Amino acid sequence: MPTQTVVKVLPDLPQLIDEALTICLAKMQGAIATRGIFTIALAGGSTPKPLYEAIARQPLEWEKIHVFWGDERYVPADHPDSNEGMARKAWLDQVAMPASNIHAMPTLANNPAIDADTYNQAIEKFFASEYYSIPQFDLILLGMGDDGHTASLFPHTPALQVEDRLVTVGEKDGQPRLTFTKNLINQAHCVMFLVAGASKQPALDQVLSNQGDNATYPSRLIQPAGELYWLLTGLEVD
Ligand code: 6PG
């Protein structure tokens, strides 16, 4: 269970993004002070894009920030659906971050399982240092779909059961995706959901309730040992 769960409803998306930026910068400052670097895993979809644009406008120590992705559609980075492509346009191409600090999910082996294993190994290698006992991100950003999925952990898919690795193959409507496993997400120091829009209310009600089926609403699986933030707008909580 999280050490601390914060559920906050913001009046509109700009104020949600402002809140998310404040939290993100605070985690960044703390991590850099403690370990000299900040590790973040990005969410895809549309909600986080203004956050990435806001981060890009900050005067930050880009060489101390390492960017990963929590999930990726199985397409090249220049494909319109690419989460990497979205984040590069919104943020990474706008700042002087060393290319070696940008750890994109590989999608070019024409075999999602091979690419998932490659990324798994890259994460294990990155975190194999004296600062970490396990692969533990400072911050993992997540969205939630209308169906209650998060990252590419979709309802009633095999990825939900994977516990022997950090990265696996997800699937949406039969299309492959790469995704962090629930265990890697739950190992993070801090996990922050950014969720906007009334269409997500039924799923949110199930995810935040004491009951509810994890396989049907996979966001319920996200119970990090660290902090958990739910930043919401256009939604209601009891
Ligand atoms: C993806 C995301 C996915 C996303 C949700 C919410 O690759 O699509 O990682 O999990 O966060 O589908 O997407 P929106 O922010 O567009 O509602």
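Computed from a prediction, not measured in an experiment: that's the story for all the values here. Atoms within a ligand are numbered from 1 in the order they appear, just like the ligands themselves.
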Counting from 1 in the order shown, the ligand 1 atoms closer than 4.0 Å to a non-hydrogen atom of G45 are 1 (C), 2 (C), 8 (O), 13 (O), 16 (O)

A student checking ligand 1 against N83 at a 4.0 Å heavy-atom cut-off should list atoms 1 (C), 7 (O)

For the pair E19 and K8, find out whether any cationic side-chain nitrogen is under 4.0 Å from an anionic carboxylate oxygen.
yes

Atom 11 (O) of ligand 1 sits nearest the protein heavy atom G143 CA, 3.3 Å

In ligand 1, the atoms that come under 4.0 Å of a heavy atom of S46 are 14 (P), 15 (O), 16 (O)

Heavy-atom proximity to atom 12 (O) of ligand 1 ranks first, among R177, M144, H149, for H149

Compute the centroid of each ring, for Y229 and then for F193, and state whether the two points are separated by less than 6.0 Å.
no

Subject >> Cationic N near anionic O, under 4.0 Å, E84 to R88 >> reply: yes

Side chains of E72 and Y119, heavy atoms from C-beta outward: is any pair under 4.5 Å? no

The atoms of ligand 1 lying under 4.0 Å from a heavy atom of D71, numbered in the order shown, are 1 (C), 2 (C), 7 (O), 9 (O)

Tell me if a side-chain donor or acceptor on N83 pairs with a main-chain N or O of D71 at a distance below 3.5 Å.
yes

protein heavy-atom neighbour closest to atom 8 (O) of ligand 1 works out as R73 NH2, 2.7 Å

Atom 15 (O) of ligand 1: closest protein heavy atom, distance to 0.1 Å, is T47 OG1, 2.7 Å

A student checking ligand 1 against K200 at a 4.0 Å heavy-atom cut-off should list atoms 6 (C), 14 (P), 17 (O)

Of G44, S152, A151, the one whose closest heavy atom lies nearest atom 10 (O) of ligand 1 is A151

Subject >> Flag side-chain contact, heavy atom, 4.5 Å: F126 against I37 >> reply: yes

| message | I'd like to know if R220 and D213 make a salt bridge, using a cut-off of under 4.0 Å between side-chain N and carboxylate O. | response | no

